[in-house]
Amino acid sequence: MPELPEVETIVRGVAPLLLGRRIEWIELRQPRVVVGEVNRAAGHRVIGVRRWGKHILLDLRRGRSTAHLVVHLGMTGQLRWDGDPGRHTHALLGIEGGITLLYNDIRQFGRLEWAERLPARLERLGPEPLEISEEEFVRRFRSRRSMVKPLLLNQSFLRGLGNIYVDEALFRARIHPRAQSHRLRPRRAAALHRAIVRVLTEAIEHGGSSVSDYVASDGRRGSFQLRHNVYRRTGCPCPACGAAIRRILVASRGTHFCPRCQRV
DNA sequence: ATCTATTCCTGGCTGC
DNA sequence: TGCAGCCAGGAATAGA
């Protein structure tokens with residue numbers, strides 16, 4: 001599933017193809033994934049390609065008016081410029097110069113949204129995990145009273161983390177997913193911040209994790225799944241201590257951790 | 001404020 | 001081989 005590192009990889013892949021180019025035409029095939037008048041993007045020039053948490057923002061300009069195309073890939077969304085459209089291609093964007101950008105999404109949890117201004121929903125999301133300072137993270141983290149895992153998944157606390165990288169970061173920081181945020185010592189909260197930064201940075205360097213349908217915009221798979229320590233490794237030995245990795249439900253999410261290394 | 005359950009959806013898997 | 005049933009889960013939503 002596309003989380004911060006996967007979306008970052010896609011953004012880096014499509015940015016050079018889109019920046020400065022005009023969207024010449026748009027074909028929308030599945031109304032379910034379309035929000036607002038996405039068709040209006042045709043004729044606009046792409047002046048920015050950004051990641052916002054797990055969202056992709058295409059900043060558009062036409063004359064003096066600006067707008068955005070907001071892409072969220074949900075669970076199985078893809079943004080690709082290679083390959084051919086198929087039964088899961090829900091939108092096609094014809095880009096000046098001949099490239100066609102495909103929006104594919106098997107489960108249709110993703111959305112393609114037209115926005116005149118950045119939606120308030122996005123403004124309300126928490127800070128970027130790779131931008132927030134350690135001090136600020138520790139302060140925010142310890143001021144909340146919540147289980148650690150649901151808090152990290154909460155996009156209004158931090159934007160961009162999902163199930164994979166929360167499990168992996170908690171393993172690296174040796175924190176139990178059911179630990180209470182306000183009961184963690186500042187040193188441990190700081191260690192969690194460093195674990196988050198490191199796991200996200202490494203994952204970006206490896207092109208993200210291809211666990212279900214994720215591929216980059218050129219169709220290439222990421223390789224960070226080969227470096228997962230706990231995610232979907234139930235029963236496998238913990239790389240640190242050898243104990244069997246366990247899977248439990250936390251906030252009705254599949255959660256993987258080492259019962260020996262990760263204490264409450 | 002924080003929690004859980006439900007909804008959307010398809011493909012992959014299990015078991016008969 | 002076929003098929004029903006279940007599961008995965010991001011995020012919005014409802015309700016506790």
Side-chain angles (χ1 to χ4, degrees), chain A residues 1-8 10 28-36 51-57 70-79 85-91 102-113 115 118-126 128-129 139-170 176-184 200 203 208-215 221 225 228 230-235 245-257 264:
Chain A
M1 55 241 50
E3 304 179 23
L4 188 154
E6 290 76 29
V7 177
E8 180 67 27
I10 290 169
L28 302 172
R29 297 185 173 179
Q30 173 54 271
R32 187 187 304 280
V33 303
V34 175
V35 179
R51 182 185 57 73
W52 187 279
K54 300 176 194 173
H55 301 262
I56 299 166
L57 295 185
V70 183
V71 186
H72 193 290
L73 298 171
M75 294 284 298
T76 53
Q78 301 177 336
L79 208 54
R87 53 189 291 240
H88 300 301
T89 299
H90 306 314
L102 304 180
Y103 174 71
N104 303 328
D105 189 357
I106 294 176
R107 288 179 218 181
Q108 301 174 26
F109 283 5
R111 293 293 181 263
L112 183 57
E113 177 178 3
L118 197 65
R121 190 181 79 252
L122 297 197
E123 299 272 20
R124 282 196 296 268
L125 296 181
E128 285 284 339
R139 191 188 64 73
R140 275 175 70 86
F141 185 81
R142 297 184 75 245
S143 70
R144 301 286 288 259
R145 297 176 66 91
S146 168
M147 273 193 291
V148 168
K149 171 144 182 177
L151 182 58
L152 294 178
L153 286 174
N154 183 346
Q155 302 297 297
S156 50
F157 176 69
L158 274 187
R159 60 180 197 246
L161 293 179
N163 215 29
I164 298 175
Y165 297 104
V166 168
D167 281 5
E168 292 297 324
L170 288 175
H176 194 285
R178 286 199 176 113
Q180 291 289 325
S181 58
H182 63 285
R183 299 186 64 174
L184 281 199
L200 293 177
S209 303
S210 286
V211 284
S212 59
D213 302 273
Y214 166 72
V215 289
R221 289 164 54 83
Q225 69 279 4
H228 290 175
V230 290
Y231 182 75
R232 289 207 185 165
R233 295 183 53 78
T234 311
I245 299 302
R246 282 188 62 196
R247 180 182 182 278
I248 59 174
L249 282 184
V250 179
S252 59
R253 291 293 183 59
T255 298
H256 315 76
F257 73 109
V264 180

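The figures that follow rest on heavy atoms only: side chains count, while hydrogens, waters and symmetry mates do not. In what follows, chains carry the letters A, B, and so on, assigned in the order in which the sequence lines appear, proteins first and then strands, with residues in each chain numbered from 1.
In this entry the distance linking CG of A/Leu151 with C1' of B/dT2 reads 10 Å, nearest Å. Going from atom CG of A/Leu161 over to atom P of C/dG9 covers 15 Å, rounded to whole Å. In this structure, NE2 of A/His55 is placed 6 Å from P of C/dA11, rounded to the nearest angstrom. Between A/Leu158 atom CG and C/dA11 atom C1' the separation is 16 Å, expressed in whole Å. Going from atom CD of A/Gln180 over to atom P of B/dC3 covers 7 Å, rounded to whole Å. Atom C1' of nucleotide B/dC3 and atom CZ of A/Phe157 are separated by 17 Å, given to the nearest angstrom. One can place CG of A/Leu152 at 15 Å from C1' of C/dG10, the figure rounded to the nearest angstrom. Computed from coordinates, the A/Tyr231 OH to C/dA8 C1' distance equals 8 Å when rounded to whole Å.
Residue A/Gln108 has a polar side-chain atom (N or O) positioned under 4.0 Å from OP1 or OP2 of B/dT10. Between A/His88 and B/dG11, a side-chain N or O to OP1/OP2 separation shorter than 4.0 Å is present. Residue A/Tyr214 places none of its side-chain N or O atoms closer than 4.0 Å to OP1 or OP2 of C/dG9. Taking side-chain N and O atoms only, A/Arg87 has a distance below 4.0 Å to OP1 or OP2 of B/dG11.
Along DNA chain B, the nucleotide closest to A/Ser143 and the one closest to A/Ser252 are compared, and the more 5′ of them pairs with A/Ser143. Between A/Arg247 and A/Leu125, the residue whose closest nucleotide on DNA chain C is further toward the 5' end is A/Arg247.
You can call A/Phe109 stacked on the base of C/dG10; the centres are under 5.5 Å apart and the planes sit within 30°.
Side-chain proximity of A/Arg145 to the nucleotides B/dT2, B/dG11, C/dA11 is greatest for B/dT2. For A/Met147, the side-chain atoms get nearest to B/dC3 when compared with the rest of B/dT10, C/dG9, B/dC3. Taking every side-chain heavy atom of A/Asn163 into account, C/dG10 is the closest of C/dA11, C/dA12, C/dG10. Nearest to the side chain of A/Arg253, among C/dG9, B/dG11, C/dA12, sits C/dG9. Closest to the side chain of A/His72, from the set C/dA11, B/dC8, C/dA8, is C/dA11.
Residues A/Met75 and A/Pro2 come closest through the heavy atom pair O-CD, 3.3 Å. Contact between A/Asn163 and A/Gly254 at its shortest, heavy atoms only, is ND2-O, 2.9 Å. Considering all non-hydrogen atoms of both residues, A/Tyr165 and A/Leu161 come closest at CB-CD2, 4.2 Å.
Residue A/Gly254 is classed as a sugar-phosphate contact, given heavy-atom separations below 4.0 Å to backbone atoms only. Using a 4.0 Å heavy-atom cutoff across all strands shown, A/Arg159 reaches no nucleic acid atom at all. The residue A/Gln155 sits close only to the backbone: its heavy atoms come under 4.0 Å of sugar-phosphate atoms, none of a base.
Screening A/Glu6, A/Glu3, A/Glu128 for a salt bridge (charged side-chain N to carboxylate O under 4.0 Å, His left out) with A/Arg51, the sole residue that qualifies is A/Glu128.
For C/dA8, the base has a donor-acceptor partner in the side chain of A/Arg107 [N/O atoms by modelled type, under 3.5 angstrom].
Between A/Asp105 and A/Arg111, none of the side-chain N atoms (NZ, or NE/NH1/NH2) sits under 4.0 Å from a carboxylate O, so this pair counts as no salt bridge.
The shortest side-chain heavy-atom distance between A/His90 and A/Leu112 does not fall under the 4.5 Å cut-off.
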